[in-house]
Protein chains: 2
Amino acid sequence: MASADSRATEPRDTAPRGGELRWDIIELLFFAYRDFVGDADQELEAFGFGRAHHRVMHFVTRYPGLKVADLLDVLRITKQSLGRVLKQLLDEGYIVQKTGSNDRRQRLLFATPKGEALVTKLATLQTTRIDRALAGIDPSGTETVRRFLRAMIDRDDPDKVLETIFKNASAKE
Amino acid sequence: MASADSRATEPRDTAPRGGELRWDIIELLFFAYRDFVGDADQELEAFGFGRAHHRVMHFVTRYPGLKVADLLDVLRITKQSLGRVLKQLLDEGYIVQKTGSNDRRQRLLFATPKGEALVTKLATLQTTRIDRALAGIDPSGTETVRRFLRAMIDRDDPDKVLETIFKNASAKE
DNA sequence: AATTTATGTCAGCCATGTTGACGTTTCTAC
DNA sequence: GTAGAAACGTCAACATGGCTGACATAAATT
């Protein structure tokens, strides 16, 4: 093995054949998302839950009556993976299911007050971070951030939740 | 179990005690990041690598000469977790290590051309998505997005890489 | 010379993703 | 009315990538 100097580590642009690569934004997304989800992790630990539980709880709380199949589309995991965490959340009373009245095969999912309280708590933590990040950015800048994030999302084959998000977004413009 | 209607699933704002919660941005971050990392996942599969390998390769390529300890700070994982993927990357010739010339205990990490090529390929995919998202956003809007993402990141106890990122950012302003 | 630091490694556990197979209930189509 | 498809649940096995704890070695520091 050769030996090398251990001095400062300046970022290096690897040959940008064609257009420039967005190294900066790629890395900012990594760190921003890491700290963003980190907010919730600490709280979740106290409940014996993980990120998987949070994701399920979040979408069920926000979109009451979501079907199991919808949730699978949103989370893009298998029903076996979902089943594992969903069972715990049902058993521990964070979520309840009701049989669909049109189609009695469906299990519609609803958060209990207990579940809602947890999701709200976690969303509050994350909102604090977002508000801090948006302090000093004016309303039009905030809308720019939203537009950027929306445009980062695949629009082919949107699931039920994404449809709602995009629909509400275009309604506001 | 009760039964319920399976009609449209409108997002519901749970009681916003105090300030409004940023449900929209919370969800946009989830979906944007999901699709952003999804770009790389497909390519990685062809190499038999996972996201963990990508993160290591990325930072070693971008910050040549990074020490193992630096990488642990950046990724916030244990040395055992890092060791597992790092060993594979060394064995398969994507990364080489050189003994530090100041401190011979250190192992400074460098990407090989093969490693660089892979990282560049993955960054190109992600850049395509970012460019698409920024199309129709003017340069000042792009800077707003960068400012937002930077402000989302914890600034207490920044690691070596984050220091560099923040330093370069403030230099530009 | 003793201790601390940087790194590597073994062993095992946990969370959460995967595939494949199979069963039940309920709806839909013929 | 019966056959098939759809929505959901579940069992078993496996992979990835986190984790802790323990221990080893080489090189720097005191």
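Just so it is clear, the values below take in all heavy atoms, side chains as well, and ignore hydrogens, waters and symmetry mates. Letters A, B, ... mirror the listed sequences (proteins, then strands); counts begin at 1.
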Looking at the rings of A/Phe148 and B/Phe148, which for Trp means the six-membered one, are their centres under 6.0 Å apart? no
B/Lys87 NZ to C/dG8 P, in whole Å, measures 11 Å
Rounded to the nearest angstrom, tell me the gap between atom CG in A/Leu66 and atom P in D/dC8. 10 Å
Grab the CD-P distance between A/Gln106 and D/dA5 for me, whole Å please. 19 Å
Residues in salt bridge (charged side-chain N to carboxylate O under 4.0 Å, His left out) with A/Arg105, at least two apart? A/Asp103
Give every residue pair that meets the salt bridge (charged side-chain N to carboxylate O under 4.0 Å, His left out) criterion with at least one member in residues 120-129 of chain B, sequence neighbours excluded. A/Asp154-B/Arg129, B/Asp39-B/Arg129, B/Glu43-B/Lys121
With sequence neighbours left out, write down each residue that passes salt bridge (charged side-chain N to carboxylate O under 4.0 Å, His left out) with A/Arg34, or none if nothing qualifies. none
Distance in angstrom units between B/Gln97 CD and C/dA6 P, rounded: 16 Å
If you look at every heavy atom in B/Arg22 and A/Thr127, which pair is closest and at what distance? N-OG1, 3.0 Å
Excluding sequence neighbours, so at least two apart, what forms salt bridge (charged side-chain N to carboxylate O under 4.0 Å, His left out) with A/Arg51? A/Asp41
Between the opening five pairs and the closing five pairs of the helix from C/dA1-D/dT30 to C/dC30-D/dG1, how far apart are the helix axes, to 10°? 20°
Could you list the residues that satisfy side-chain hydrogen bond (donor to acceptor under 3.5 Å, both in side chains) with B/Gln88, not counting sequence neighbours? B/His53
Any residue meeting salt bridge (charged side-chain N to carboxylate O under 4.0 Å, His left out) with B/Arg76, in chain and number order, not counting sequence neighbours: A/Asp35
Sorted by chain and residue number, the side-chain hydrogen bond (donor to acceptor under 3.5 Å, both in side chains) partners of B/Thr128 (sequence neighbours excluded) come out as none
Specify the separation, in whole Å, of atom CG of B/Asp41 and atom P of C/dT18. 11 Å
Report the residues that fulfil side-chain contact (heavy atoms from CB on, under 4.5 Å) with A/Ala123, sequence neighbours left out, ordered by chain and then residue number. B/Leu21, B/Trp23, B/Ile26
What string of B, S and - do you get for nucleotides 25-30 of chain D 5' to 3' if you count protein non-hydrogen atoms under 4.0 Å? --BS--
Nearest whole Å is fine: how far is C/dT18 C1' from A/Leu75 CG? 15 Å
Quick one, give me the B/S/- string for nucleotides 15-24 of chain D, reading 5' to 3', where B means a protein heavy atom under 4.0 Å from the base and S means that only happens at the primed atoms, P, OP1 or OP2. --BBBBBB--
Without decimals, in angstroms, what is the distance between A/Leu44 CG and C/dC14 C1'? 16 Å
A/Asp73: side-chain hydrogen bond (donor to acceptor under 3.5 Å, both in side chains) partners, not counting sequence neighbours: none
Distance check needed: C/dT5 P versus B/Lys67 NZ, whole Å only. 13 Å
